There are 2 protein chains.
Amino acid sequence: MFFLKDLPTREMISGFAHSLDVVDVQKTGDALQMLRRASLLIRQLERYFALHGLSQTQFLVLMILHRDQSKHTHLAAEICEKLDVSKPVVSTTLKTMQRRGFIVYCEKAEDSRMKPLRISDAGRELLLRLLPGYFEILQAG
Amino acid sequence: MFFLKDLPTREMISGFAHSLDVVDVQKTGDALQMLRRASLLIRQLERYFALHGLSQTQFLVLMILHRDQSKHTHLAAEICEKLDVSKPVVSTTLKTMQRRGFIVYCEKAEDSRMKPLRISDAGRELLLRLLPGYFEILQAG
DNA sequence: ACAATATAGTTAGTATCATAACCAATAACG
DNA sequence: CGTTATTGGTTATGATACTAACTATATTGT
């Protein structure tokens, strides 16, 4: 995360980067501002989710599961791919989500390595309850 | 962090938010894109820092210490404020930075609660070595 | 002076993330 | 076939972040 309040000045950027003619001071400054804004927004979202016992990642998993209603089961590997986050994170995230009743593991697949899962009613209900506030925070930030 | 690859579509946003006339679909979509871009950029920066044994926060602390050369000592509380991050994080960050020799604690102040510190030569050297690459990543992202 | 309060910093406990190493089951192929 | 490689998922370990509670020193206020 990036929480520096006073961003580096143009002078500082061009001062340190003047050796490299590659660096575009304008773009760099914009990127810094974006990092700061995004970090604050993420922090705000995480606080919102925490109020309802979710992490941002758990929320995004619910979104993914809810979104593709065509397929009624999903695999950890798929989530991993749609959410580019490391496998262990998905694994433990799913475990806690199961413990809290937001997802359910289904009957075994033919490939016995796979553990197909789906969103639970409680999970979907929570997601739908949080979405409006979510979008509201996003558009305000 | 926010690593969802396929962002919610306009339809999804307006669909879930249509009850609230407050929500601006355009702004919300922009915010989502920003979150994703920033998260990727932060991840990239953290990898860069990790190659040199620093975290993003440690790097930012070095920036702050280096930037205000007027004052030659700083306090944890000041850093805390310029980097709006919680006190414990600053505390442990500083401790590891001392262990690795990037900062030094100075002689005691008159107020014996305070532990004034400053950037070390090694710290400043590392910072200056990393800055060009840092700005380069920022402007490219 | 002395009790109450505020401030600087640390410690404790918990959650999230990452990488690396690890099972177990399937697939590939000589 | 049977050895090797690949794939789905978990465990181990370590870093970073948070809040809450703590210690110790200074300040305030009666």
Side-chain angles (χ1 to χ4, degrees), chain A residues 1-4 38-61 73-100 102-103 105-106 108-117, chain B residues 1-4 38-61 73-100 102-103 105-106 108-117:
Chain A
M1 299 300 305
F2 182 90
F3 288 125
L4 188 63
S39 294
L40 290 176
L41 193 47
I42 287 173
R43 184 186 261 173
Q44 196 180 343
L45 287 172
E46 272 167 358
R47 197 162 298 156
Y48 174 65
F49 294 135
L51 288 176
H52 300 84
L54 281 184
S55 69
Q56 170 121 230
T57 301
Q58 286 174 22
F59 179 80
L60 293 178
V61 168
T73 72
H74 293 254
L75 297 178
E78 291 167 13
I79 295 170
C80 210
E81 189 178 285
K82 296 193 183 193
L83 194 64
D84 75 63
V85 129
S86 68
K87 277 200 303 181
V89 171
V90 170
S91 183
T92 60
T93 299
L94 290 176
K95 199 193 300 182
T96 66
M97 289 179 77
Q98 179 201 22
R99 187 157 27 84
R100 301 198 189 152
F102 300 138
I103 64 167
Y105 282 100
C106 317
K108 285 287 188 179
E110 72 283 5
D111 184 333
S112 71
R113 287 171 303 184
M114 298 174 175
K115 299 178 63 175
L117 58 96
Chain B
M1 299 299 305
F2 182 89
F3 288 124
L4 187 63
S39 294
L40 290 176
L41 193 49
I42 287 173
R43 185 186 260 174
Q44 195 181 343
L45 287 172
E46 272 167 358
R47 196 162 299 154
Y48 175 66
F49 293 135
L51 288 177
H52 301 84
L54 280 185
S55 69
Q56 170 121 230
T57 301
Q58 286 174 23
F59 179 80
L60 293 178
V61 168
T73 73
H74 293 253
L75 297 178
E78 292 166 11
I79 296 170
C80 211
E81 188 178 286
K82 297 192 183 191
L83 192 67
D84 76 64
V85 130
S86 69
K87 277 199 305 180
V89 171
V90 170
S91 182
T92 60
T93 299
L94 290 177
K95 199 195 297 183
T96 64
M97 289 179 76
Q98 179 200 25
R99 186 157 28 82
R100 302 199 188 151
F102 301 138
I103 63 167
Y105 283 100
C106 316
K108 286 285 185 180
E110 72 282 3
D111 184 334
S112 72
R113 287 171 302 183
M114 298 175 176
K115 298 177 65 176
L117 58 95

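Naming convention: chains lettered A, B, ... in sequence-line order (proteins, then strands); numbering from 1 in each chain. Since the model is a prediction, treat every value here as computed from it, not as a measurement.
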Is any side-chain heavy atom of [X] closer than 4.5 Å to a side-chain heavy atom of [Y]?
{"X": "L75(A)", "Y": "K115(A)", "value": "no"}
{"X": "R99(B)", "Y": "K95(B)", "value": "no"}
{"X": "F49(B)", "Y": "Q58(B)", "value": "no"}
{"X": "I103(B)", "Y": "L94(B)", "value": "yes"}
{"X": "I79(B)", "Y": "V85(B)", "value": "no"}
{"X": "H52(A)", "Y": "Y48(A)", "value": "yes"}

Next item on the list: Return the residues of residues 75-83 of chain B meeting this criterion: a heavy atom under 4.0 Å from some atom of DNA chain D. Order them by number, or give none.
Entry: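 Heavy-atom cutoff 4.0 Å gives no residues at all.
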Next item on the list: Check DNA chain D against residues 41-61 of chain A and give the residues with a non-hydrogen atom under 4.0 Å, in numerical order.
Entry: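 Listed by number, they are R43(A).
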Would you mind reading off the distance between [X] atom [atom1] and [N] atom [atom2], rounded to a whole angstrom?
{"X": "M114(A)", "N": "dA24(C)", "atom1": "CE", "atom2": "P", "result": "18 Å"}
{"X": "L94(B)", "N": "dG9(C)", "atom1": "CG", "atom2": "P", "result": "9 Å"}
{"X": "K87(A)", "N": "dC23(C)", "atom1": "NZ", "atom2": "C1'", "result": "11 Å"}
{"X": "Q98(B)", "N": "dG9(C)", "atom1": "CD", "atom2": "P", "result": "13 Å"}
{"X": "K95(A)", "N": "dA15(C)", "atom1": "NZ", "atom2": "C1'", "result": "14 Å"}
{"X": "L40(B)", "N": "dC17(C)", "atom1": "CG", "atom2": "C1'", "result": "15 Å"}

Margin query: Applying side-chain contact (heavy atoms from CB on, under 4.5 Å), can you list everything that pairs with S39(B), at least two apart in sequence or on another chain?
Written below: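 S39(B) satisfies side-chain contact (heavy atoms from CB on, under 4.5 Å) with I42(A), M1(B), F2(B), F3(B) only.
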Next item on the list: Apply side-chain contact (heavy atoms from CB on, under 4.5 Å) to S86(A) and list each qualifying residue two or more places apart in sequence or on a separate chain.
Entry: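 With sequence neighbours excluded, S86(A) shows a side-chain contact (heavy atoms from CB on, under 4.5 Å) to P88(A), V89(A), given in chain and number order.
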Margin query: Categorize S86(A) for me: base, sugar-phosphate, or nothing, with a 4.0 angstrom heavy-atom threshold over every strand shown.
Written below: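 Touches a base.
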Notebook entry, point to check: side-chain hydrogen bond (donor to acceptor under 3.5 Å, both in side chains) with K82(A): which residues, sequence neighbours excluded?
Noted result: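 Only D68(A) meet the side-chain hydrogen bond (donor to acceptor under 3.5 Å, both in side chains) criterion with K82(A).
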Margin query: Go nucleotide by nucleotide along DNA chain D from the 5' end; which of P88(A) and F3(A) gets its closest nucleotide reached first?
Written below: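 Taking each residue's closest nucleotide, the earlier one in sequence belongs to P88(A).
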Notebook entry, point to check: Between T93(A) and E110(A), who's closer to the 5' end of DNA chain C by nearest nucleotide?
Noted result: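 The residue closer to the strand's 5' end, by nearest nucleotide, is T93(A).
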Notebook entry, point to check: Which two nucleotides bound the region of DNA chain D that has atoms under 4.0 Å from heavy atoms of chain A, read 5' to 3'?
Noted result: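 Contact span on the strand: dT7(D) to dC18(D).
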Checklist line | Any N/O donor-acceptor pair, R113(A) side-chain to dA25(C) base, under 3.5 Å | finding: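 Donor-acceptor pair under 3.5 Å: yes.
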Check: With distance as the sole test, does R100(A) use its side chain to make a donor-acceptor pair with the main-chain N or O of G53(A) at under 3.5 Å?
Finding: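 Confirmed, R100(A) side chain pairs with G53(A) backbone.
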